[in-house]
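Sequence lines set the chain letters: A, B, ... in the order given, protein chains first and strands last, and positions in each chain run from 1.
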Protein chains: 2
Amino acid sequence: MATLSDIGVSATINILTAFAFFLAFAILRIQPVNDRVYFPKWYLKGLRNSPLRGGAFVSKFVNLDFRSYARFLNWMPAALQMPEPELIDHAGLDSAVYLRIYLIGIKIFVPIACLAFAIMVPVNWTNETLERTNLTYSNVDKLSISNIPTGSHRFWTHLVMAYAFTFWTCYVLKREYEIVAAMRLHFLASEHRRPDQFTVLVRNVPPDPDESISELVEHFFLVNHPDHYLTHQAVYNANKLSELVTKKKKLQNWLDFYQLKYTRNPSRKPLLKTGFLGLWGDKVDAIDFYASKIDKLTKEMSLERDRIMSKGNSVMPAAFVSFKTRWAAAVCAQTQQCRNPTLWLTEWAPEPRDIYWNNLAIPYVSLAVRRLVIGVAYFFLTFFFMIPIAFVQSLANIEGIEKAVPFLKPIIEVKVIKSLIQGFLPGIALKIFLIFLPDILMFMSKFEGFISQSALERRSATRYYIFQFINVFLGSIITGTAFQQLDNFIHQSANDIPKTIGVSIPMKATFFITYIMVDGWAGVAGEILRLKPLIIYHLKCFFLVKTEKDKEEAMDPGTLGFNTGEPQIQLYFLLGLVYSVVTPFLLPFIIVFFALAFVVYRHQIINVYNQGYESAAAFWPDVHGRIITALIVSQLLLMGLLSTKEAAQSTPLLVTLPVLTIWFHRFCKGRYEPAFIRYPLQEAMVKDTLERAREPNLNLKSFLQNAYIHPVFKGVDETETEPASQESEQQPVLIPTKRRSRSNTPLPSKHSGSTSP
Amino acid sequence: MATLSDIGVSATINILTAFAFFLAFAILRIQPVNDRVYFPKWYLKGLRNSPLRGGAFVSKFVNLDFRSYARFLNWMPAALQMPEPELIDHAGLDSAVYLRIYLIGIKIFVPIACLAFAIMVPVNWTNETLERTNLTYSNVDKLSISNIPTGSHRFWTHLVMAYAFTFWTCYVLKREYEIVAAMRLHFLASEHRRPDQFTVLVRNVPPDPDESISELVEHFFLVNHPDHYLTHQAVYNANKLSELVTKKKKLQNWLDFYQLKYTRNPSRKPLLKTGFLGLWGDKVDAIDFYASKIDKLTKEMSLERDRIMSKGNSVMPAAFVSFKTRWAAAVCAQTQQCRNPTLWLTEWAPEPRDIYWNNLAIPYVSLAVRRLVIGVAYFFLTFFFMIPIAFVQSLANIEGIEKAVPFLKPIIEVKVIKSLIQGFLPGIALKIFLIFLPDILMFMSKFEGFISQSALERRSATRYYIFQFINVFLGSIITGTAFQQLDNFIHQSANDIPKTIGVSIPMKATFFITYIMVDGWAGVAGEILRLKPLIIYHLKCFFLVKTEKDKEEAMDPGTLGFNTGEPQIQLYFLLGLVYSVVTPFLLPFIIVFFALAFVVYRHQIINVYNQGYESAAAFWPDVHGRIITALIVSQLLLMGLLSTKEAAQSTPLLVTLPVLTIWFHRFCKGRYEPAFIRYPLQEAMVKDTLERAREPNLNLKSFLQNAYIHPVFKGVDETETEPASQESEQQPVLIPTKRRSRSNTPLPSKHSGSTSP
């Protein structure tokens with residue numbers, strides 16, 4: 001078991017690492033050459049075109065103003081200065097609300113920590129249970145519930161505290177739900193005219209022998225929404241065309257590369273072998289080779305495009321139907337259209353840039369089968385992933401390593417190395433495993449058939465959270481000590497499971513403290529450095545960039561990565577709530593994480609990330625639900641722990657806690673969740689009426705005509721006129737809105753915009 | 001353990017009882033004096049006014065036509081003759097679909113039983129496991145899975161059979177869901193104009209300082225549904241008035257009684273003591289006393305009525321809002337109106353006679369609290385009810401009785417009595433306990449705040465089913481052998497629970513066989529006799545009835561009693577599915593139950609019951625869900641049983657069964673359930689268009705004006721003009737429809753129309 005000094009060593013290492021990251025960041029960010037890595041958001045918004053400082057040639061690449069090095073942490077207050085409404089305008093509601101999750105962490109845990117240290121720590125400390133036993137223990141354990149003798153009346157303190165913490169958490173959650181719901185409604189209400197307000201996505205249009213899908217859709221809605229139907233856009237199956245576009249882009253890149261090579265060294269024409277990987281075959285002129293290939297592909301593409309547009313069989317049984325008013329769209333999205341509830345399924349159309357086009361045509365039965373397949377696959381992924389983690393963690397145990405490789409014993413026994421291994425390794429092993437996961441989960445969600453980027457990310461986040469809960473949280477508690485316990489665990493009663501886990505929890509506090517420091521402190525500090533984008537950007541600049549536009553393309557601002565970021569935060573909520581009563585010593589570490597992460601991510605959101613979509617905080621019900629889950633888990637585990645401490649008289653009081661919490665959750669769900677799912681008619685009517693009064697002669701039809709066109713069709717037009725990077729100007733055709741924060745997506749559809757934060 | 005001969009004795013007793021009931025019924029039903037007890041439905045429909053046979057004075061009371069006694073079972077084919085469409089027309093869709101539940105039972109279990117007896121019984125029989133052990137066993141056990149040796153390869157038969165039974169059950173369920181959904185949609189589509197098609201119930205209207213609720217509702221809907229709003233009706237808090245009406249009715253009864261007494265014996269004026277229970281106090285003239293009391297009450301009532309109508313504070317924050325088209329009503333019912341999702345809640349208005357008026361004004365927060373309270377209360381009811389049942393059942397055990405009352409030993413040891421006790425008592429003890437339950441559950445549902453009779457019954461049915469599952473099914477299996485097992489059970493693992501139950505299941509087969517015979521055979525046969533209504537009717541006739549109208553009032557046709565009947569059927573589904581693989585010998589008993597009950601209830605529905613509402617089979621998703629639950633329970637228990645038989649290699653194959661079943665359930669839910677919850681716009685549009693074409697000058701407003709008036713207001717008007725029983729003529733004002741089956745409710749609102757079938 002790690003002692004206080006182990007934690008000290010680990011803390012020192014991690015604080016130093018974090019500081020090193022911050023220092024590196026502070027130095028790198030003020031170098032003009034890195035400006036596009038650390039401030040891409042401003043470039044994308046068009047508010048910044050070059051590094052701020054001018055001057056000599058050298059100072060274009062290196063910052064020579066030494067005063068700026070002294071203020072190396074001055075980005076922190078700067079990140080906090082922007083007020084929330086401006087932030088919403090600048091980065092969208094999703095980002096602003098995402099930051100509130102960190103704020104909730106601070107709001108929940110600061111008062112809890114104060115209370116715990118004021119009341120519970122003295123109660124725990126003034127016992128001598130651990131001193132009397134012959135178990136090894138650390139000072140951390142003296143602060144925890146383990147130090148209270150079995151059957152003591154002091155457990156009443158913990159019981160009362162559990163109630164106090166639950167009520168405080170629920171209070172914060174309810175207030176926050178209220179605020180976020182109001183923010184969402186306000187955001188939706190104050191938005192300008194957008195195509196998705198008027199548009200409904202219809203799926204599973206039944207085949208008809210006499211009419212084409214397009215005619216069928218038109219007739220159906222003319223009949224069933226006669227006063228409201230305006231127009232519709234068919235959805236084409238452009239997956240093949242989309243492939244061709246990607247292929248052409250790749251070839252174009254090579255062509256650019258060779259052309260650049262040629263311009264730099266005009267004496268030698270670049271040559272190329274046509275065989276496998278360019279290793280053998282005939283030597284040809286590279287520029288001619290790629291130019292002809294691109295030419296061929298362009299012809300193929302235009303053929304494919306004609307084929308899609310002309311033949312009916314490329315039209316998918318789905319359509320975007322637009323209405324004359326928001327009211328009518330709200331009505332159509334919320335009602336059932338047809339007798340058969342699996343046909344003519346309507347739902348709000350996502351933003352055009354949020355749509356995941358490949359999934360639009362999946363029929364109902366196939367969806368049900370896919371869900372089953374993915375459910376089973378996910379189950380296996382979750383439960384068989386445990387084996388490697390347990391294996392690595394058992395290695396990371398000092399005694400385990402000594403047994404496995406006895407010749408290393410003398411090295412390991414050196415005190416510093418021992419502390420290092422014990423404090424560092426388990427956390428890192430876990431982290432490495434988890435890096436590979438989000439992409440698998442995202443692939444699963446895509447296969448399952450969600451039709452928007454935001455839904456894909458939300459679903460992946462849920463899966464990731466469950467995975468982390470089972471594998472990181474439970475896995476660390478149970479297999480960390482002995483892998484054999486896993487099997488026992490499956491065979492235990494519902495009554496014993498909380499007991500087993502509850503008993504192990506105080507012992508695992510030090511492990512989780514080191515985990516928080518590695519993952520939470522150093523990890524977050526590393527995020528701000530953006531090492532990967534930095535390197536890639538400079539490589540691109542060196543090899544490919546010719547013009548300013550290329551430079552813009554080389555920027556990779558990345559996104560928030562809700563699917564990985566949010567579950568990570570939730571793990572901290574879980575740890576905080578579980579340990580709040582058991583080992584309050586862990587709370588300050590969590591508070592530091594939340595505070596640090598808040599500042600770092602606020603900075604990143606302001607200066608770096610560029611969200612690929614705007615879902616108006618549609619993820620909040622998930623966030624709320626997971627914090628409630630954490631609360632219930634903490635209550636159950638406390639119940640298990642106390643029942644082994646012969647404080648059984650407290651059980652009835654503890655049982656009421658989860659009951660009340662679940663009830664609270666259901667209350668909140670009924671009270672606030674509809675704001676995130678449905679669109680009230682009253683709101684729609686108000687906006688419609690205002691619009692009619694302001695712009696009586698509005699031509700809505702032309703506004704909506706081309707809003708929902710597959711990005712590939714636009715892509716084709718562009719690449720034929722000008723190669724790439726024109727899209728940010730093209731964007732206004734797609735979403736003609738005056739909101740600046742909306743018109744800045746560099747690519748119309750980013751299907752895999754997730755980066756691990 | 002009961003042997004085959006015990007079962008024989010029990011079967012003989014129960015078959016004789018059932019026959020006695022049928023015989024008694026056959027004799028009683030053809031007596032003209034009982035005609036209104038056994039054919040009330042026809043009287044209520046106005047198709048029958050007096051017993052069919054005329055003739056001498058005596059033959060008005062006693063049937064002297066002896067030939068009719070010979071054909072004493074001829075009601076059975078008669079009950080089966082009416083075709084289903086006619087039945088729907090005669091008794092409503094609810095009743096017709098209810099009968100289909102019995103049919104499903106037959107459809108599922110007849111093929112299963114054939115297969116089981118053809119394949120599984122020989123496999124079980126040709127072993128000698130039980131003969132080799134020194135356990136006592138009966139021949140029933142030789143037919144069951146207990147007779148297969150541990151670790152035998154013969155278990156593959158059972159595994160394959162489990163798959164076959166599951167697929168067959170799912171196939172039947174899916175087909176049936178499809179048929180019922182189609183029947184419902186057809187029924188709704190072919191209905192004539194009804195007020196609830198155009199009307200939406202709005203609840204939680206927010207208070208407004210400037211406007212009355214009525215004005216507020218009108219303004220809100222004029223603004224948000226400008227082209228569709230037609231009219232609305234406020235809901236008055238008439239609970240006090242309703243009490244007065246009940247009180248007056250009681251007094252009126254007494255007055256009638258004394259007037260009758262006086263007319264029979266004009267020499268003596270009936271006197272009455274005014275004190276407690278008429279035991280002491282001043283003697284007064286009874287007729288004058290009641291007449292003056294009624295007079296006072298009538299004045300009070302008219303005052304109360306004026307108060308309600310004039311003052312605003314009796315208007316509840318709810319209203320029935322009617323629209324110009326069905327389309328608009330469907331839209332309003334399915335959408336969210338207001339930003340705050342707890343205000344302006346809209347849902348389809350139930351039929352006027354289906355409404356439970358008392359619950360219309362419960363605000364959202366109160367509803368949430370009520371749900372919590374009832375949830376907790378129900379939990380305690382369910383789990384603390386087990387104690388008395390276990391106590392009685394331990395008494396019903398021969399050894400238990402002999403120990404408790406040793407002096408009875410010689411009597412009990414007589415063979416016939418012993419069989420009687422063992423075969424009869426446990427079933428009866430259980431049944432008596434269960435009789436008190438439905439009313440408690442109904443009260444709970446009322447307190448929880450459901451607004452329609454049908455929803456109340458559905459909810460009670462769910463609760464009753466869970467109760468039966470825990471207390472009758474699990475309770476009998478576990479506490480039946482030893483009450484102490486209960487405590488162990490709570491402390492067992494999720495892995496062991498199916499094992500414990502699974503192992504006990506084969507041993508309990510004989511108990512459940514006797515239970516089926518007592519509750520299912522004799523009980524159903526008893527239902528047809530209608531002993532309670534028969535006695536009450538004759539008592540009423542003797543004491544109270546003066547005119548034909550009184551006679552009509554004295555009839556108590558009763559209703560189907562979905563809240564008690566359906567959970568009872570579900571228990572048989574559960575038993576059948578659980579024992580289908582384990583002890584197929586039980587299946588014929590269940591098939592007999594389903595067949596018998598089908599005939600009996602079909603007869604009762606045609607001739608007796610008078611449904612208080614028509615929900616168009618809204619209960620089907622519940623029925624489907626519970627059969628699926630039974631299927632999953634049976635699969636889990638089989639898994640538990642086989643794992644103790646060292647047939648562990650079958651576990652992975654058995655685990656996939658519940659996974660597939662749950663997936664099937666979710667598929668059906670998505671595919672068919674919306675037909676029972678939402679109303680497709682296409683359907684609404686078709687009906688609207690047809691109606692506009694047929695009746696272009698229809699005055700819908702006058703049609704809807706008074707559709708949703710609290711029954712008390714109508715009641716008052718009536719009792720002031722004519723005392724009671726006028727309502728069946730008044731009904732057309734309420735629901736002016738040409739459907740005969742709809743215009744025959746004798747009382748506009750029957751709040752407690754449940755009888756145990």
_Interchain contact, B:Trp344 with chain A, by part (heavy-atom threshold 4.5 Å)_ = neither
*Does B:Gln682 reach the side chain of A:Phe220, with side-chain heavy atoms less than 4.5 Å apart?*
yes
*Check each atom of B:Val369 against the heavy atoms of chain A and say whether the ones under 4.5 Å are side chain, backbone, both or neither.*
both
Contacts under 3.5 angstrom, residues 370-380 of chain A side chains, donor-acceptor by atom type, not counting sequence neighbours:
unit_1, atom_1, unit_2, atom_2, d
A:Arg370, NE, A:Ser366, OG, 3.3
A:Arg370, NH1, A:Phe447, O, 2.6
A:Tyr378, OH, A:Arg463, O, 2.5
A:Tyr378, OH, A:Phe467, N, 3.3

*Find the one option among B:Val223, B:Val331, B:Leu185 whose heavy-atom pairs under 4.5 Å with chain A are most numerous.*
B:Leu185
_Mutual orientation of the aromatic rings belonging to B:His228 and A:His228 [parallel < 30°, tilted 30-60°, perpendicular > 60°]_ = tilted
_At a 4.5 Å cut-off on heavy atoms, which part of B:Leu367 comes close to chain A: side chain, backbone, both, or neither?_
neither
*Has the side chain of A:Trp663 got a donor or acceptor atom that lies under 3.5 Å from a matching backbone atom of B:Ala368?*
yes
*Flag side-chain contact, heavy atom, 4.5 Å: A:Leu681 against B:His225*: yes
*B:Gln337 side chain vs A:Pro680 backbone, donor-acceptor pair below 3.5 Å*: no
*Under 4.5 Å from a heavy atom of chain B, the part of A:Ile677 involved*: neither
*Qualifying residues under side chain to side chain contact (heavy atoms under 4.5 Å, CB included), relative to B:Lys324, sequence neighbours excluded*: B:Leu230
